[in-house]
**Q** 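Below is a structure I'd like to ask you about.
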2 protein chains.
Amino acid sequence: MEAFLEEAGRRVDAALDSLLPPAQAEPRLLHEAVRYSVFAGGKRFRPALVLASAEACGLDPETVLPVACAVEAVHTYSLIHDDLPSMDNADWRRGWPTCHVRYGEAIAVLAGDALHDMAFEWILAAGDRLGPPERVLRVALDLATALGTGGMVGGQVLDLLAERGVVPAEWVPEIHRRKTGCLIRACARVGPLLSGREDELACLTAYGEHLGLAFQITDDVLDVVGEQEKLGKRTGSDQAASKVTFPRVFGLERAREMAREQAQAAVAAIAPLGPRGQLLAELARFVVERDR
Amino acid sequence: MEAFLEEAGRRVDAALDSLLPPAQAEPRLLHEAVRYSVFAGGKRFRPALVLASAEACGLDPETVLPVACAVEAVHTYSLIHDDLPSMDNADWRRGWPTCHVRYGEAIAVLAGDALHDMAFEWILAAGDRLGPPERVLRVALDLATALGTGGMVGGQVLDLLAERGVVPAEWVPEIHRRKTGCLIRACARVGPLLSGREDELACLTAYGEHLGLAFQITDDVLDVVGEQEKLGKRTGSDQAASKVTFPRVFGLERAREMAREQAQAAVAAIAPLGPRGQLLAELARFVVERDR
């Protein structure tokens with residue numbers, strides 16, 4: 001699994017480098033800020049999931065690279081905006097100063113906006129190479145829905161409101177479902193949507209939903225017990241910010257157990273894929289065993 | 001022209017109302033903020049241009065309403081982010097407190113993000129009703145390109161840098177081309193892109209480019225000589241913020257003349273359309289004669 005993730009990361013990084021505008025193009029400050037945040041040591045988990053979903057559905061992972069890069073672009077956009085002083089006010093991310101600390105708040109907002117936009121540009125511009133236009137449309141729409149007020153943006157708002165005590169802590173599963181889960185679900189659906197294997201959309205959707213929860217609960221757990229060095233950010237930051245998290249609401253041990261249960265449910269969901277689901281199953285197990 | 005704009009505004013407002021999530025849906029604060037900014041008295045110039053472009057190419061304007069709404073959504077997103085304290089720090093817009101003044105900075109950033117996303121969702125979800133998938137793809141891609149670092153976001157960065165004296169004032173045409181021009185150009189191209197009249201794409205593109213400049217130069221002029229009440233925002237704000245504008249670089253009289261020249265060039269560009277271009281021609285003349 002480590003080898004697959006490393007190889008996927010290399011391919012995605014190379015594709016990102018060629019898709020992103022060069023740092024020398026005007027406005028250089030913006031392009032520099034975008035590249036700074038994109039190449040700040042992300043795990044590339046989401047794009048790897050896109051590649052694995054494509055492979056499970058018989059597609060050449062090479063062809064879905066624009067979608068994998070788009071997903072990483074929107075993930076980076078969300079981190080840049082979440083880190084802003086008016087939101088999580090984070091000064092440190094993956095071992096580097098956050099975008100607004102390095103480039104100022106205005107450029108950080110706009111770098112996030114630019115990445116948000118590039119995601120759609122890359123998918124829509126890939127056109128025929130990605131698949132028939134009606135399938136490309138569905139993938140782009142799936143992404144837009146995952147990012148919307150019923151998904152990522154809505155989750156971030158609920159997260160902020162929960163921190164302020166306006167939304168009860170018991171909403172934590174719903175907050176995580178929207179904030180992290182919807183995008184991971186969309187990644188898992190890329191294979192069936194682009195290959196036209198509609199009959200496998202339901203099981204990969206269920207897989208993605210369980211995987212998303214497993215991933216986020218593990219993130220919460222690592223914020224409590226993880227090593228700062230490996231994570232590249234301050235641990236305990238959720239607690240300091242009175243974030244609503246699974247460990248806080250359910251206790252650390254129960255949270256760990258819930259992450260494992262979700263990973264098992266993810267693996268069970270793709271049983272119909274048979275051996276084609278092996279990589280995805282390994283990815284689900286890896287997600288709850290990782291230490292960063 | 002006033003009657004056309006009023007009627008277009010009514011249709012677009014009704015369509016926006018049905019496309020936007022209800023204010024009662026969670027997270028209510030976000031949906032309220034989004035609706036507050038969208039219904040804060042915009043002129044609906046860009047969506048009206050989309051409808052006019054569609055009509056000029058023989059399409060039923062009713063079918064392109066999702067695109068018209070998408071364009072208004074991204075325009076609103078750009079205003080919300082431009083007004084933020086870290087950017088133009090504007091507290092007043094169209095006669096109302098700006099989004100961040102009313103809802104706080106975090107919600108304003110996220111309301112902008114949500115609208116940015118909805119634009120793509122609406123176009124992509126319209127699907128068949130809008131046209132064949134390959135044409136819908138091109139319209140969505142055209143919008144993404146117009147919003148990107150070579151377009152609106154890049155223009156906003158150059159605008160900020162010019163204000164700080166990092167980019168010379170002589171860049172004002174390039175700044176305006178990106179910041180305002182690219183989106184207006186995209187609006188003008190919706191008709192030929194969706195109708196498949198590829199032979200008319202070049203003349204409507206040229207029309208859109210000239211119209212965008214005419215529109216922005218007039219905006220700059222109105223900031224100097226306009227009436228605060230009609231505009232619904234503080235006049236003289238560009239000067240106070242040492243914004244680079246056409247009147248500042250070229251003088252007020254020459255700027256007025258340039259706006260008229262651009263409007264004439266826009267009208268000339270659509271001569272090949274014959275009588276089908278009448279509404280677009282009137283729109284170009286209106287743009288430089290308006291007082292708000």
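Predicted model only: the values in this text are computed from it and were never measured.
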**Q** Using non-hydrogen atoms and a limit below 4.5 Å, what part of residues 117-142 of chain B faces chain A?
**A** B/Asp117, B/Met118, B/Phe120, B/Glu121, B/Leu124, B/Ala125, B/Pro133, B/Glu134, B/Val136, B/Leu137, B/Ala140, B/Leu141
**Q** Who in residues 12-20 of chain B is close to chain A, using a strict under-4.5 Å heavy-atom cut-off?
**A** none
**Q** For residues 159-182 of chain A, which residue pairs pass the ring pair (Phe, Tyr, Trp, His ring centres under 6.0 Å) check, not counting sequence neighbours?
**A** A/His176-A/Phe246
**Q** Specify which of A/Leu147, A/Asp113, A/Leu30, A/Leu161 makes the most heavy-atom pairs with chain B at under 4.5 Å.
**A** A/Asp113
**Q** At a heavy-atom separation under 4.5 Å, does B/Pro21 approach chain A through its side chain, its backbone, both, or neither?
**A** side chain
**Q** Looking at A/Ala106 and B/Ser86, what are the two nearest heavy atoms and their distance?
**A** CB-O, 3.3 Å
**Q** Taking only distance into account, with no hydrogens and no angle test, what donor-acceptor pairs under 3.5 Å do side-chain atoms of residues 152-159 of chain B form with protein atoms, sequence neighbours excluded?
**A**
residue, atom, partner, partner atom, Å
B/Gln156, OE1, B/Lys179, NZ, 2.8
B/Gln156, NE2, B/Asp82, OD1, 3.2
B/Asp159, OD2, B/Lys179, NZ, 2.7
B/Asp159, OD2, B/Lys243, NZ, 2.9

**Q** Which answer fits B/His31, side chain, backbone, both or neither, if we ask what part of it has an atom under 4.5 Å from a heavy atom of chain A?
**A** side chain
**Q** How close do B/Glu26 and A/Arg178 get, counting heavy atoms only, and between which atoms?
**A** O-NH1, 3.2 Å
**Q** Under a 4.5 Å heavy-atom cutoff, which of B/Ala144, B/Pro85, B/Ala25, B/Ser78 has the most pairs with chain A?
**A** B/Ala144
**Q** Show the numbers, then the answer: is there a side chain to side chain contact (heavy atoms under 4.5 Å, CB included) between B/Leu110 and A/Leu160?
**A** CA-CA 11 Å; B/Leu110 296 167; A/Leu160 287 170; 3.8 Å; yes
